[in-house]
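What follows is a short report on a single structure.
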Protein chains: 2
Amino acid sequence: MTPESMDLVFHALASRARRAILDIVRDRPGCCVQEVCVHFDVSRIMILKHLRILEEAQLLVLKKAGRKVELYFNAVPIQMIYDRWTSEYSSYWASKLVDFKMLLESEPKKPPPSPSSHPRKLKQHEPK
Amino acid sequence: MTPESMDLVFHALASRARRAILDIVRDRPGCCVQEVCVHFDVSRIMILKHLRILEEAQLLVLKKAGRKVELYFNAVPIQMIYDRWTSEYSSYWASKLVDFKMLLESEPKKPPPSPSSHPRKLKQHEPK
DNA sequence: GTCATAGGTAACTAAAAGGTTACATGTTGC
DNA sequence: GCAACATGTAACCTTTTAGTTACCTATGAC
């Protein structure tokens, strides 16, 4: 898996709306765009854009069928990321987590000292 | 895991730079901000912003130590997402993938018909 | 044919994210 | 003390993303 395609997958998954679309399509294999749209408040055009992003990440397969488009979920990219991460991060999987008890004992963040501590300005600009 | 915290994790992982930071810190537990900065071309301030985002997603733990800040990787959020996804998507894990041979046989995308098919404009705006 | 339905694209606006410089505080070495 | 170093943050600019409306094509029902 190239870094570029991995970027596409992570980016596609970063949006809650897109993850929700994946959930819907996974539960309704072969459903069309309209069926996805009814679950959202945003416009159909926005859903289309999300679908393209998911398609480019190969998380969805779009298959034209007459005037409809059938949607299918593809788990392969997620599996590939999982495979890479479990091997790279294997030593952290449920083992080294013990140390975090120690880390969490560090002092809590201090509140800011005063509301007008250092007022600065780089450049003036027009108010709207 | 709340949808909000899951959003934070996915968003944090969506940036290639932030994933690279995670790789560095995982390989050098307890390293400081400077040690991370030398691996990147962007400014230290940008690295700081990335570190805050990773901290908010609880993928990193920042521990103040004198004038330095020690960085530690935390795999727990990734594990939680993995646990959720493997249970929700279990039926897709290395099984239903067979069907995709059929899906990939659908016709390839047609190239656009002509370069000046429907020139339209909603509103005029100033040229730079 | 014709009309409703499913999908597609261009053009635009607003908000968020990625990036910078300038300047500030707190800690360590000497 | 004081200089050098590590970190923190405000203010700003630029690029990307999320969202819209308007309009177009293609298909299916009749």
Side-chain angles (χ1 to χ4, degrees), chain A residues 7-8 10-18 20-21 30-38 40-56 62-71 107 109-128, chain B residues 7-8 10-18 20-21 30-38 40-56 62-71 107 109-128:
Chain A
D7 242 21
L8 288 177
F10 274 112
H11 174 245
L13 291 174
S15 150
R16 196 188 300 190
R18 285 194 288 268
I21 291 177
C31 74
C32 68
V33 177
Q34 285 296 335
E35 288 178 74
V36 173
C37 289
V38 297
F40 293 91
D41 283 337
V42 300
S43 66
R44 181 181 56 86
I45 290 83
M46 202 58 229
I47 301 291
L48 278 174
K49 290 186 188 176
H50 284 317
L51 290 176
R52 297 296 169 212
I53 291 170
L54 290 166
E55 185 185 28
E56 277 171 37
L62 278 71
K63 188 188 183 186
K64 189 114 187 174
R67 68 175 163 179
K68 292 195 174 185
V69 169
E70 295 174 355
L71 305 173
E107 62 272 21
K109 296 179 194 294
K110 279 178 286 188
S114 94
S116 63
S117 44
H118 34 270
R120 271 165 289 139
K121 201 139 199 183
L122 288 183
K123 199 193 284 184
Q124 213 72 25
H125 74 131
E126 308 300 306
K128 293 176 183 171
Chain B
D7 242 22
L8 288 177
F10 274 112
H11 175 245
L13 291 174
S15 150
R16 196 188 299 191
R18 285 195 288 268
I21 290 176
C31 74
C32 68
V33 177
Q34 284 297 335
E35 289 178 72
V36 173
C37 288
V38 297
F40 294 90
D41 283 338
V42 298
S43 68
R44 182 181 57 85
I45 291 84
M46 203 58 230
I47 300 291
L48 277 174
K49 289 187 187 175
H50 284 317
L51 290 175
R52 296 295 169 212
I53 290 170
L54 289 165
E55 185 185 29
E56 277 172 37
L62 278 70
K63 189 187 183 187
K64 189 111 183 174
R67 68 175 162 181
K68 292 195 175 188
V69 170
E70 295 173 356
L71 304 173
E107 62 273 19
K109 296 180 194 295
K110 279 179 287 192
S114 93
S116 63
S117 43
H118 34 271
R120 271 164 289 140
K121 200 138 198 185
L122 287 183
K123 199 193 282 183
Q124 213 72 23
H125 73 131
E126 308 299 308
K128 294 177 184 172

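First the proteins, then the strands, lettered A, B, ... as listed; each starts at 1.
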Which atoms of nucleotides 16-19 of chain C (N or O only) lie under 3.5 Å from a protein N or O atom, and what are those distances?
unit_1	atom_1	unit_2	atom_2	d
C:dG19	O6	B:Lys49	NZ	2.7

The reported gap from CG in B:Leu51 to CZ in B:Arg44 (rounded to nearest 0.5 angstrom) is 11.0 Å
From CG (B:Leu71) to CG (B:Leu62), nearest 0.5 Å:
5.0 Å
Got a second to check how far B:Ser43's OG is from B:Leu48's CG, nearest 0.5 Å?
8.5 Å
Rounded distance (Å) that lies between atom P of C:dT25 and atom CG of B:Leu48
17 Å
Could a donor-acceptor pair under 3.5 angstrom be found where the side chain of A:Arg44 meets the base of C:dG8?
yes
Heavy-atom side-chain contact between B:Lys49 and B:Met46 under 4.5 Å:
yes
Spacing of A:Phe40 atom CZ relative to D:dG19 atom P, expressed in whole Å
10 Å
Under the side chain to side chain contact (heavy atoms under 4.5 Å, CB included) test, which residues partner A:His11, sequence neighbours left out?
A:Arg18, A:Ile53
Specify the separation, in whole Å, of atom CD1 of A:Ile47 and atom C1' of C:dG7.
14 Å
So, using side chain to side chain contact (heavy atoms under 4.5 Å, CB included) as the criterion, who are the partners of A:Arg16 when residues are at least two apart?
A:Arg19, B:Pro3, B:Glu4, B:Asp7
Could you tell me the separation between the CG atom of A:Leu62 and the P atom of C:dG7, rounded to a whole number of Å?
10 Å
From CD1 of A:Ile21 over to P of D:dG19, roughly how many Å is that when rounded to an integer?
10 Å
So which atom in B:Ile21 and which in B:Phe40 form the shortest heavy-atom distance, rounded to 0.1 Å?
CG1-CZ, 3.6 Å
To the nearest Å, give me how far apart CZ (A:Arg16) and P (D:dA18) are.
14 Å
Interatomic distance where CG belongs to A:Leu51 and P belongs to C:dG7 [whole Å]
9 Å
Identify all pairs in which a protein N or O lies below 3.5 Å from an N or O of nucleotides 3-6 of chain C, and state each distance.
unit_1	atom_1	unit_2	atom_2	d
C:dT5	O2	A:Arg67	NH1	2.9

